[in-house]
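This report refers to the structure that appears directly beneath it.
Remember, predicted model here, so these are calculated numbers, not experimental data.
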Amino acid sequence: MKAFFLHLISFLFPETCVVCGKGNVSVCEKCLQNFPLAPYQEDPWVHSLFSYQDHGVRNAIHALKFKHMRSVADCFAPLMHEAIQEIQATNIALHEQMKIALLPVPKMKAHVRVRGFDAMEYLCNKIHEQDPLCYKVCGNAVVRLNNKAQTGLTRKERLVNMHNAFEVILPAMLANQTIYIIDDVTTTGSTLRELEKVCLQAGAKKVRAVTIAH
């Protein structure tokens with residue numbers, strides 16, 4: 001029912017760019033090209049596209065996560081697909097024929113219920129659509145155990161909060177796989193490092209992460 005009303009709203013009120021308010025797309029090409037690149041990433045295995053300090057980047061991410069603007073994922077998915085392919089091409093050890101496993105960062109169940117959908121799982125599906133023969137989505141392989149959000153926590157609190165926060169429930173989906181964790185924003189990197197840990201414990205061959213912003 002909620003999805004029906006969201007579609008109805010989008011029909012009655014066509015989208016415009018969440019950054020500049022022009023055009024008929026959620027994030028126009030001009031604004032995408034003007035987004036500043038992400039700053040230096042502390043973890044070399046994590047790749048972020050844009051700087052979260054930019055107001056337009058934040059608006060786009062918030063529109064996807066909190067305003068249910070699924071079309072924002074259509075704008076970011078090709079860029080994330082391109083980033084993954086570049087990483088694969090420049091790392092001989094990652095170059096292989098098997099499908100890349102896309103793992104959306106597991107969200108708290110309460111958040112998914114409130115928001116109506118899992119934005120990162122949806123984004124993974126849109127990346128998968130870029131090249132279905134290249135990717136598979138493993139959204140059910142890992143669950144989040146704790147129920148305290150990272151928002152508003154200090155760096156130290158974030159590290160403590162994410163300790164042992166995830167559990168692999170379908171290890172066969174991750175074993176011997178090249179995994180790309182997909183998330184919206186990385187700050188301290190604690191979430192991604194905890195996910196990397198459980199994926200490697202489950203037998204993953206290699207773990208990388210691509211986020212929209214940092």
Could you go through L37 and L49, starting from their C-alpha distance and side-chain angles, then the distance that decides it, and tell me whether this counts as side-chain contact (heavy atoms from CB on, under 4.5 Å)? CA-CA 6 Å; L37 298 179; L49 300 182; over 6 Å; no

Report the C-alpha distance between T211 and T186 in whole Å, list the side-chain angles of each, state the deciding distance to 0.1 Å, and finish with yes or no for side chain to side chain donor-acceptor pair (under 3.5 Å). CA-CA 7 Å; T211 72; T186 177; 5.6 Å; no

I need the I169 CD1 to L174 CG distance, nearest 0.5 Å. 10.0 Å

ring-ring contact (aromatic ring centres under 6.0 Å, His included) filter on F35, not counting sequence neighbours, yields F50

Take V18 and M69 through the side-chain contact (heavy atoms from CB on, under 4.5 Å) test and state the conclusion after the steps. CA-CA 10 Å; V18 297; M69 290 182 65; 3.5 Å; yes

Minimal non-hydrogen separation, G23 against T16, with atom names: O-CG2, 3.4 Å

Once you round to the nearest 0.5 Å, how far does NZ of K65 lie from CG of D184? 4.0 Å

I want to check something: taking the side chain as every heavy atom from C-beta on, are C28 and K22 in contact at a cut-off of under 4.5 Å? no

Atom of G56, atom of V19 and distance for their closest heavy-atom approach: O-CG2, 3.7 Å

N/O donor-acceptor pair under 3.5 Å between R58 side chain and Q53 backbone: yes

For the atom pair CD (E196) and CG (L192), what is the distance rounded to the nearest 0.5 Å? 9.0 Å

Do S48 and I212 have side chains that approach each other closer than 4.5 Å (heavy atoms only, starting at C-beta)? no

Can you sort out the partners of A73 under side chain to side chain contact (heavy atoms under 4.5 Å, CB included), two or more places apart, ordered by chain and number? L64, Y122, L123, K126

From C138 atom SG to L103 atom CG, the distance as rounded to the nearest 0.5 Å: 7.0 Å

More than 12 non-hydrogen atoms from neighbouring residues, nucleotides or ligands closer than 6.0 Å to CG on N140, yes or no? no

side-chain contact (heavy atoms from CB on, under 4.5 Å) between N34 and K30, intermediate numbers included: CA-CA 6 Å; N34 288 332; K30 182 178 180 180; 3.7 Å; yes

Could you check whether any side-chain heavy atom of T187 comes within less than 4.5 Å of a side-chain heavy atom of Y52, counting everything from C-beta outward? no

Are the side chain of R144 and the backbone N or O of E167 linked by a donor-acceptor pair below 3.5 Å? no

Heavy atoms, side chains only, cut-off 4.5 Å: are R208 and I181 in contact? no

Just distance, no hydrogens or angles: give the donor-acceptor pairs under 3.5 Å from side chains in residues 75-87, sequence neighbours left out.
{"residue": "H81", "atom": "ND1", "partner": "Y135", "partner atom": "OH", "Å": "2.7"}
{"residue": "Q85", "atom": "NE2", "partner": "Y135", "partner atom": "OH", "Å": "3.0"}

Considering all heavy atoms of both residues, which atom of E121 and which atom of G139 are nearest to each other, and what is their separation? OE2-CA, 4.3 Å

If you measure from the Lys or Arg side-chain nitrogens to the Asp or Glu carboxylate oxygens, is any gap between K107 and D183 under 4.0 Å? yes

With no hydrogens and no angle check, is any side-chain donor or acceptor of D43 less than 3.5 Å from a backbone partner on W45? no

When C17, S71, C31 are each screened for side chain to side chain contact (heavy atoms under 4.5 Å, CB included) with S26, the one that passes is S71

Atom of R193, atom of T188 and distance for their closest heavy-atom approach: NH2-O, 2.9 Å

Would you mind reporting whether E15 and V25 have side-chain heavy atoms less than 4.5 Å apart? no

Contact check, side chains of N164 and L145, non-hydrogen atoms, under 4.5 Å: no

Side chains of I182 and C124 in contact at under 4.5 Å (non-hydrogen atoms): yes

Intermediate values then yes/no, side-chain contact (heavy atoms from CB on, under 4.5 Å), T191 and F166: CA-CA 9 Å; T191 298; F166 301 105; 3.8 Å; yes

Side chains of N176 and K206, donor plus acceptor under 3.5 Å: no

Just wondering, do Q88 and I100 contact through their side chains at under 4.5 Å, heavy atoms? yes

Note: K197-E194 ion pair, threshold 4.0 Å (strictly below): yes

From NE2 (H214) to OG (S51), nearest 0.5 Å: 8.5 Å

